[in-house]
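Have a look at the structure below before the remarks.
Heavy atoms only: backbone and side chains are in, while hydrogens, waters and symmetry mates are out.
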2 protein chains.
Amino acid sequence: MNPIESSPLTRKLSTFVALSDVDLETLARFHRRRRTFLAGHEMMHEGQSNASAYILAEGWACSYKMLPDGGRQVINFQIPGDFLGLRSILFRTSDLSLEALTDIEASEVFAPDILGAFAEAPRLATAVLWASSRDEAMMVEHLVNLGRRSAVERMAHLLMELGARLNHVGIGDRTGFSCPLTQYHLADALGLSAIHVNRVLRQLREDGLVTFRQGKVTFNNFEGLQALAGFDTGYMDHAGPLLR
Amino acid sequence: MNPIESSPLTRKLSTFVALSDVDLETLARFHRRRRTFLAGHEMMHEGQSNASAYILAEGWACSYKMLPDGGRQVINFQIPGDFLGLRSILFRTSDLSLEALTDIEASEVFAPDILGAFAEAPRLATAVLWASSRDEAMMVEHLVNLGRRSAVERMAHLLMELGARLNHVGIGDRTGFSCPLTQYHLADALGLSAIHVNRVLRQLREDGLVTFRQGKVTFNNFEGLQALAGFDTGYMDHAGPLLR
DNA sequence: CGTAGGATTGAACGAGATCAAAGCGGGTGG
DNA sequence: CCACCCGCTTTGATCTCGTTCAATCCTACG
């Protein structure tokens with residue numbers, strides 16, 4: 001196995017576009033600057049300009065927006081293999097904040113790295129467009145979640161999605177996964193109050209569907225949960241390479 | 001003025017990436033197949049494969065997802081100049097449905113048109129990535145809207161966003177715009193019931209902020225509405241070309 | 001052993017949903 | 001030209017899900 005192909009990002013992009021050696025070498029340069037962040041560190045702030053992008057190698061992060069009244073909306077949780085802050089480079093200023101939820105290892109990518117890569121290895125632009133569209137499809141599901149599902153359904157859906165995503169990168173399995181989120185994080189992601197999140201989790205536990213406890217999510221009834229959430233993996237896993 | 005540059009999509013993409021003559025000619029080929037659709041026509045169905053993409057020239061459309069219980073979540077409204085259904089091509093199958101809200105004129109774009117364009121004129125891939133990221137930023141705002149704002153704030157935000165977007169393409173002005181949406185459409189976009197939408201509109205009208213009536217939106221107090229909505233144009237208008 | 005951040009529970013409240021029923025306007029067919 | 005209908009809007013009454021406020025309880029950690 002070629003070491004140059006080993007990064008999770010490379011694997012992800014290769015599923016869409018067959019990458020040449022030049023593409024792969026260019027991508028490999030994204031991993032020159034390995035950095036670590038401590039849990040709680042704010043890696044990026046809404047409105048910040050000249051922010052870097054990151055490729056998450058280890059740990060969890062979350063992206064969010066604050067409201068004037070102090071409320072907060074979590075946009076997404078980021079797990080290993082995810083690309084963070086692309087828009088902050090494309091638009092020179094970040095439209096959201098980014099916080100490390102655990103201690104994190106990530107590769108820092110500067111704007112010229114990315115823009116240069118698109119110029120030198122144009123297929124990468126297509127590959128990144130694809131990856132970004134996958135994220136967009138996920139966001140569409142989140143929109144449906146917030147707009148049209150009840151609190152219990154929302155929670156079920158979020159937990160299943162996280163499980164499926166972690167599975168994709170080889171973390172956790174069908175029985176569950178370990179999860180550093182607090183009930184406050186869940187609340188901010190689902191548009192609920194932390195108190196209600198607690199009740200919802202209790203209900204899901206008592207109904208024998210999922211258990212969320214001390215950093216562990218356990219699927220007690222995968223099919224039942226899937227049915228409740230209306231969770232369809234369709235928007236997550238996609239067919240093989242489109243461009244050869 | 002070069003006729004080849006005249007399409008709204010071309011103008012949009014040019015604001016991010018300086019396009020060469022080859023790029024422009026390639027883009028122009030997107031406009032070979034002009035089609036019209038009647039109001040109410042379903043242009044694309046969730047799960048459909050081999051769907052085309054479209055560049056909207058005239059009229060309004062909306063993208064949505066249906067839920068098993070019959071509920072519906074509108075993801076976005078599309079106005080002239082918008083590119084529709086990119087993901088249906090990138091993923092070979094559409095993750096949402098698309099409906100013409102008015103009679104529509106649009107250019108139909110087939111998968112090979114787009115994928116070929118990315119191969120022949122690689123800068124277009126970067127340009128489309130940028131346009132797609134702009135849409136993503138808009139979706140982030142919608143997420144905040146649904147997750148953390150009250151019904152009145154949501155409505156205010158949606159109406160202001162529509163106004164700003166229409167303004168961008170030369171339709172409507174600071175005083176208002178004409179709007180083919182019914183209260184049901186608004187409800188499905190905002191995660192509310194149509195009945196409550198009606199009450200919210202009444203309140204906004206009585207407070208002298210906006211009037212929504214017989215296909216016309218009138219801003220009675222632009223600044224007040226902006227303050228209520230927490231509407232910040234930052235996520236919509238971006239700086240000039242990043243790639244020269 | 002004290003403390004702080006997170007989890008849990010109860011009681012009261014409220015925003016928005018749901019149910020039910022009129023109005024209204026414009027298009028269609030008799 | 002009128003009567004009818006259908007889709008949309010408007011209003012009232014009631015109900016419910018989720019919030020808010022207020023404590024208390026863990027438990028890991030210094």
Side-chain angles (χ1 to χ4, degrees), chain A residues 38-40 60 62 67 69-74 99 101-103 145-159 178-207 210-218 228, chain B residues 38-40 60 62 67 69-74 99 101-103 145-158 178-207 210-217 228:
Chain A
L38 296 181
W60 290 49
C62 92
L67 286 101
D69 69 356
R72 147 168 136 152
Q73 178 63 45
V74 165
E99 186 195 340
L101 296 176
T102 66
D103 291 354
N145 222 18
L146 289 186
R148 283 294 172 220
R149 284 199 258 254
S150 73
V152 205
E153 293 166 343
R154 277 183 227 184
M155 180 64 74
H157 193 278
L158 174 58
L159 295 179
S178 68
C179 173
L181 304 178
T182 69
Q183 298 187 353
Y184 288 87
H185 289 128
L186 296 173
D188 287 345
L190 298 175
L192 301 171
S193 68
I195 289 106
H196 199 60
V197 161
N198 185 281
R199 293 192 230 279
V200 163
L201 287 175
R202 167 154 51 120
Q203 188 186 329
L204 286 170
R205 190 183 337 121
E206 288 173 352
D207 291 353
V210 235
T211 310
F212 181 103
R213 256 194 177 154
Q214 42 221 26
K216 289 266 166 214
V217 173
T218 312
L228 171 65
Chain B
L38 295 181
W60 290 49
C62 90
L67 285 102
D69 69 357
R72 147 169 135 149
Q73 178 62 44
V74 166
E99 186 195 341
L101 296 176
T102 65
D103 290 354
N145 222 18
L146 290 186
R148 283 292 173 223
R149 284 198 258 255
S150 72
V152 204
E153 293 166 343
R154 278 182 227 186
M155 180 63 76
H157 193 278
L158 174 59
S178 69
C179 173
L181 304 178
T182 70
Q183 298 186 356
Y184 288 87
H185 290 127
L186 296 172
D188 287 345
L190 297 175
L192 301 170
S193 67
I195 288 105
H196 199 60
V197 160
N198 185 281
R199 293 193 228 280
V200 163
L201 287 175
R202 166 156 49 119
Q203 189 186 328
L204 286 170
R205 188 184 337 119
E206 288 174 353
D207 292 353
V210 236
T211 310
F212 180 104
R213 256 193 180 152
Q214 42 222 28
K216 289 265 167 215
V217 172
L228 171 65

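Annotation: side chain to side chain contact (heavy atoms under 4.5 Å, CB included) contacts of Ala194(A) (sequence neighbours excluded): Tyr184(A), Ala187(A). In this structure Thr218(A) satisfies the side chain to side chain donor-acceptor pair (under 3.5 Å) test with no other residue, sequence neighbours excluded. The side chain to side chain donor-acceptor pair (under 3.5 Å) check on Ser178(A) picks up nothing, with sequence neighbours excluded. With sequence neighbours excluded, the residues that form a side chain to side chain donor-acceptor pair (under 3.5 Å) with Arg148(A) are Asp188(B). Remark: Ser150(B) pairs with Glu153(B) by the side chain to side chain donor-acceptor pair (under 3.5 Å) rule, at least two apart or across chains.
Two residues are said to be in side-chain contact when any heavy atoms from C-beta on lie closer than 4.5 Å; Phe212(A) and Leu204(A) fail this criterion. By the 4.5 Å heavy-atom criterion applied to side chains, Val200(B) and Leu190(B) are not counted as neighbours. Taking 4.5 Å as the limit, every side-chain heavy atom of Val74(B) sits out of range of all side-chain heavy atoms of His185(B). When side chains are defined from C-beta on, Leu146(A) counts as touching Gln73(A), because their heavy atoms get closer than 4.5 Å.
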Margin query: Walk along nucleotides 25-30 of chain D from 5' to 3' and tag each nucleotide B, S or - by protein heavy-atom contact under 4.0 Å, base first, then sugar-phosphate.
Written below: ------

Check: For nucleotides 6-22 of chain D, read 5' to 3', which letter fits each nucleotide if B means a protein heavy atom sits under 4.0 Å from the base, S means only the sugar-phosphate is that close, and - means neither?
Finding: ---BBBBB----BBBB-

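Direction of the helix axis in the helix from dC1(C)-dG30(D) to dG30(C)-dC1(D) shifts by 30° between the two five-pair termini, rounded to 10°.
Protein chain A touches strand DNA chain C; the 5'-most and 3'-most nucleotides with an atom under 4.0 angstrom of its non-hydrogen atoms are dG6(C) to dA11(C).
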Item checked: Candidate pair Gln203(B) and Met155(B), rule side chain to side chain contact (heavy atoms under 4.5 Å, CB included), full reasoning -> CA-CA 11 Å; Gln203(B) 189 186 328; Met155(B) 180 63 76; over 6 Å; no

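From His196(A), atom NE2 reaches atom CZ of Arg199(A) across 7.5 Å, with rounding to the nearest 0.5 Å.
When the shell of 6.0 Å around CD of Gln214(B) is examined, it contains 12 or fewer heavy atoms from other residues, nucleotides or ligands.
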